[in-house]
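Have a look at the structure below before the remarks.
Letters A, B, ... are given to chains in the order of the sequence lines, protein chains preceding strands, and every chain is numbered from 1.
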Amino acid sequence: MSQFSLEGVFNEYLKTDPIFFNKQALTISYTPSNIPHRERQIKQLGIILATALRGERPSNSFIYGSTGTGKTLVTQHVCNALEEKSKQLNKNLKILYVNCKMKRVSDTEYRLLAYLCEINKLEVPKTGLATEQIYKYFFDSISNYDGVLIIILDEIDELVSKVGDTILYNLTRINQDFKKCKLSIIGISNNLSFSNEMDARVKSSLSEEELIFPPYNAVQLTDILKHRAEISINKGRIEDGVIEKCSALSAQEHGDARRALDLLRVAGELAERKNKNKITEEDVDVAQSKIDRDRINDAIKTQPKQSKLILYTIISYFEKDDDENQNLLTGDVYDKYISLCKKIKQKYITQRRLSDIISELDMLGIINAKIISKGRYGRTREISLAIPLSTAFRIKKSINQDLEI
DNA sequence: AGTCCACAGGAAGGGCAGGCGA
DNA sequence: TCGCCTGCCCTTCCTGTGGACT
């Protein structure tokens with residue numbers, strides 16, 4: 001067996017001329033000192049929250065905008081500044097930030113409250129208590145707090161779709177029940193039509209102020225990327241057109257700045273690994289497919305066994321390149337899925353459940369499931385793959401290894 | 001205009017795993 | 001260990017629906 005030397009790998013790496021000098025600046029966790037093209041929103045939110053500096057309750061606000069439009073960044077930026085200022089003025093201000101999408105942290109009423117307790121420095125069990133009890137703990141913890149409390153609920157649409165709006169209703173009641181604590185809620189949502197899904201009372205008390213974050217266009221994205229590249233990538237290491245390409249690709253995807261930053265970062269990493277002098281447009285292309293692949297792989301890894309089996313069934317169907325070109329319908333998937341389960345001696349689920357799983361796979365962007373009506377022959381979903389065949393085959397292979405089909 | 005197909009998808013609840021306090 | 005709680009995955013039962021067919 002040939003002995004390969006890690007020492008060699010490390011030395012080789014250290015010999016290369018690094019492309020980045022501060023890669024952190026190209027990640028979402030980085031908060032830049034200035035946020036281009038969001039001046040209006042920063043000012044608007046600043047005006048709303050400034051009332052906290054006089055010890056008054058800021059209006060509840062709702063922030064809308066699709067992914068990567070700077071909602072979270074702007075909110076955190078304004079809140080940080082507010083916190084700083086309130087310290088100078090010796091005012092009581094507490095800001096609790098929760099990302100409602102984080103699995104196992106805040107995707108249920110109980111977990112959200114437990115998390116709020118936790119970041120409010122109150123220890124509660126992660127599970128085991130009645131939800132009422134956890135409400136009591138949280139309310140007790142803030143009932144005597146004399147000051148302004150701002151709760152930021154990021155991805156609030158996820159929360160409401162999973163657990164309903166009861167929790168929001170209960171939170172908005174705090175101001176009536178407690179005299180000292182002045183609570184303001186900032187809801188951040190990717191879904192523009194989301195507020196229509198809420199109870200009218202919750203909606204009216206939550207949306208006292210509304211801010212809209214429009215998607216960035218390609219020119220604005222270029223601007224943002226140039227600014228970030230300056231503080232993260234060594235001079236002269238980006239080929240002309242790379243930043244523009246990242247911007248253009250991301251502008252197509254609803255003006256998502258996060259995506260643009262990821263593209264540039266991953267392209268840089270790829271170029272660095274190949275020991276290239278400059279990041280090229282070709283690296284951006286490779287980065288694009290790598291990001292898609294990683295996203296899908298991560299999504300599939302966390303899926304339950306039955307989801308994997310169903311996805312396996314669907315991919316197997318498209319693998320056969322017979323010229324029938326027939327559409328795959330829910331009923332077909334179910335039949336094929338049942339025979340697969342019988343073949344490998346697995347328990348199988350009902351069609352009702354399968355229907356839900358197909359919806360989930362659709363939402364994950366792995367398949368397209370369009371509802372169609374075939375008139376006399378019923379109403380069903382037409383299923384196709386939303387990912388390249390090559391990626392699908394790779395996924396199938398990994399499910400195969402995982403489940404030993 | 002009415003029928004009927006093949007589902008979609010809502011509602012309610014079961015069973016199990018896992019965590020907690022007593 | 002037991003009882004209680006939540007989360008997750010699932011089933012059962014049900015109503016709703018778009019459009020080809022009669």
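- For A/Arg228, there are no salt bridge (Lys or Arg N to Asp or Glu O under 4.0 Å) partners at least two apart in sequence or on another chain.
- When rounded to the nearest whole Å, the span between CD of A/Glu382 and P of B/dC7 equals 13 Å.
- Remark: A/Asp294 pairs with A/Lys290 by the side-chain hydrogen bond (donor to acceptor under 3.5 Å, both in side chains) rule, at least two apart or across chains.
- Applying the ring pair (Phe, Tyr, Trp, His ring centres under 6.0 Å) criterion to A/Phe139, with sequence neighbours excluded, gives A/Tyr135, A/Phe178.
- Using a 4.0 Å heavy-atom cutoff across all strands shown, A/Tyr334 reaches no nucleic acid atom at all.
- The environment of OH in A/Tyr145 is crowded: more than 12 heavy-atom neighbours from other residues, nucleotides or ligands sit within 6.0 Å.
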Protein-to-nucleotide contact annotation, 5' to 3' order, nucleotides 12-22 of chain C [B base; S sugar-phosphate only; - none; under 4.0 Å, heavy atom]: BB--BBBBBS-
For residues 80-90 of chain A, run the donor-acceptor check on the side chains, cut-off 3.5 Å, and write out each pair with its distance to 0.1 Å, sequence neighbours left out.
residue	atom	partner	partner atom	Å
A/Asn80	ND2	A/Gln76	O	3.3
A/Ser86	OG	A/Glu83	O	2.9

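- Of the candidates B/dC7, C/dC10, B/dG9, the closest approach to any side-chain atom of A/Ser359 belongs to B/dG9.
- Applying the side-chain hydrogen bond (donor to acceptor under 3.5 Å, both in side chains) rule to A/His77 yields no partners; only residues at least two apart in sequence or on another chain are considered.
- A salt bridge links A/Arg57 to A/Glu208: one of the charged nitrogens lies within less than 4.0 Å of a carboxylate oxygen.
- Between A/Lys305 atom NZ and B/dC16 atom C1' there is a gap of 15 Å when expressed in whole angstrom units.
- The stretch residues 339-347 of chain A does not touch DNA chain C, since none of its heavy atoms comes less than 4.0 Å from the strand.
- Distance, A/Leu354 CG to B/dC7 P: 10 Å, rounded to whole Å.
- Note: CG (A/Asp356) to C1' (C/dT11) measures 11 Å, nearest angstrom.
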Side-chain atoms of residues 376-385 of chain A: list all donor-acceptor pairs with protein atoms under 3.5 Å, sequence neighbours left out, distances to 0.1 Å.
residue	atom	partner	partner atom	Å
A/Arg381	NH1	A/Ser359	OG	2.8
A/Arg381	NH2	A/Ser355	O	2.8
A/Arg381	NH2	A/Ser355	OG	2.9
A/Arg381	NH2	A/Ser359	OG	3.4
A/Glu382	OE2	A/Asn327	ND2	2.8

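- In terms of the side-chain contact (heavy atoms from CB on, under 4.5 Å) criterion, residue partners of A/Ala299 (sequence neighbours excluded) are, by chain and number, A/Leu364.
- The shortest distance between the side-chain N/O atoms of A/Ser355 and the OP1/OP2 oxygens of B/dC7 is not below 4.0 Å.
- Per the geometry, CD1 belonging to A/Ile349 stands 17 Å off P belonging to C/dC8, to the nearest Å.
- Counting to the nearest Å, the P atom of B/dA8 and the CD1 atom of A/Ile372 are 10 Å from each other.
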